[in-house]
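Presented below is the structure to which this report refers.
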Amino acid sequence: VITAAVNGRLTCAERREVVMARTAGSSAARTRERVLEAARRLFLERGYAGTSIRDIAEELAMTKAALYYHFPAKEDLLRAVVAPFAGELNACVRAAESGAAHRRALLRRAVDLFDDYRHVIRGTLYDSAARQVLLAEDDLFGGLSALERALAASDDPADLLLARCALGTVRGAVLPM
């Protein structure tokens with residue numbers, strides 16, 4: 001069983017033997033991080049809509065009830081997966097709006113941001129069901145629009161188009177499908 005675990009070829013029952021959902025001495029924070037890691041991986045593989053709470057629980061060999069303890073709804077899990085990207089994006093926008101970042105530095109920061117979070121973006125923001133959840137309550141897409149405006153440096157439609165093209169090129173280069 002241990003050899004199969006190392007090679008990644010385990011049945012659900014075998015996985016439960018090797019990795020317990022929560023062992024004595026493990027922390028709730030560590031379990032929460034394991035859930036987020038599994039969700040990121042499955043969202044990337046199957047998309048948000050194609051991944052169920054049951055899938056994530058089975059991946060971790062834990063019960064759905066244990067998973068729901070950490071995340072009361074799948075939407076909460078999605079927000080937690082996207083939160084680090086959203087936080088970095090908002091910090092980038094604040095730096096641009098304060099004038100602390102030159103446009104070239106801002107664009108480089110955007111490239112790094114999209115590169116660092118490419119798996120999160122591909123697994124969530126390109127999924128229409130995830131977009132609906134995020135658009136309903138969160139201002140993540142407002143942050144992307146603010147980044148475009150900051151890169152444009154004026155309200156001139158031509159400048160805004162150039163900024164959108166620049167970010168589109170970054171997304172296309174960093175996030176190939």
May I ask you to decide whether [X] forms a salt bridge with [Y], counting only side-chain N to carboxylate O separations under 4.0 Å?
X: Glu88; Y: Arg94; value: no
X: Arg30; Y: Glu37; value: yes
X: Asp76; Y: Arg79; value: yes
X: Glu58; Y: Arg54; value: yes

Worksheet item: Looking at side-chain heavy atoms only, is the closest gap between Thr31 and Met62 below 4.5 Å?
Response: yes
Worksheet item: Can you find a pair of side-chain heavy atoms, one from Thr124 and one from Leu78, that are under 4.5 Å apart?
Response: yes
Can you tell me how far [atom2] of [Y] sits from [atom1] of [X], rounded to the nearest 0.5 angstrom?
X: Glu148; Y: Asp159; atom1: CD; atom2: CG; answer: 13.0 Å
X: Leu125; Y: Phe85; atom1: CG; atom2: CZ; answer: 6.0 Å
X: Leu67; Y: Arg34; atom1: CG; atom2: CZ; answer: 10.5 Å
X: Leu113; Y: Leu167; atom1: CG; atom2: CG; answer: 10.0 Å
X: Cys92; Y: Arg108; atom1: SG; atom2: CZ; answer: 13.5 Å
X: Ile56; Y: Leu36; atom1: CD1; atom2: CG; answer: 9.5 Å

Worksheet entry | Intermediate values then yes/no, side chain to side chain contact (heavy atoms under 4.5 Å, CB included), Ile53 and Leu77 | CA-CA 9 Å; Ile53 289 293; Leu77 184 54; 4.2 Å; yes
Item to complete: Go through the steps for Glu59 and Arg40 under the test salt bridge (charged side-chain N to carboxylate O under 4.0 Å, His left out), then give the verdict.
Response: CA-CA 12 Å; Glu59 178 79 11; Arg40 276 190 290 269; over 6 Å; no
Would you find a donor on one side and an acceptor on the other, under 3.5 Å apart, between the side chain of [X] and the backbone of [Y]?
X: Arg103; Y: Ala152; value: yes
X: Thr51; Y: Leu42; value: yes
X: Arg122; Y: His119; value: no

In one Ile/Leu/Val/Met/Phe/Trp/Tyr side-chain cluster, 4.5 Å: [X], [Y]:
X: Ile121; Y: Val111; result: yes
X: Leu144; Y: Leu161; result: no
X: Leu151; Y: Leu160; result: no

Discussion item. I'd like to know if the side chain of Asp55 pairs up with that of Ser52 as donor and acceptor (distance under 3.5 Å, no hydrogens or angles considered).
Written reply: yes
Worksheet item: Taking it one step at a time, do Val35 and Leu60 satisfy side chain to side chain contact (heavy atoms under 4.5 Å, CB included)?
Response: CA-CA 7 Å; Val35 170; Leu60 294 167; 3.6 Å; yes
Fill in: Residues forming a side-chain hydrogen bond (donor to acceptor under 3.5 Å, both in side chains) with Arg131, sequence neighbours excluded
none
Item to complete: Please name the pair of heavy atoms, one in Ala110 and one in Val170, separated by the smallest distance, quoted to 0.1 Å.
Response: O-CG1, 4.3 Å
Practice prompt. Check Ala49 against Asp127 and note the closest heavy-atom contact, atom names and distance.
Written response: N-OD2, 3.2 Å
Discussion item. Taking ring-ring contact (aromatic ring centres under 6.0 Å, His included) as the cut-off, I'd like each qualifying pair that reaches into residues 37-60, sequence neighbours left out, listed once.
Written reply: Phe43-Tyr48
Item to complete: Would you indicate whether Asp156, at its atom CG, is surrounded by more than 12 heavy atoms from other residues, nucleotides or ligands within a distance under 6.0 Å?
Response: yes
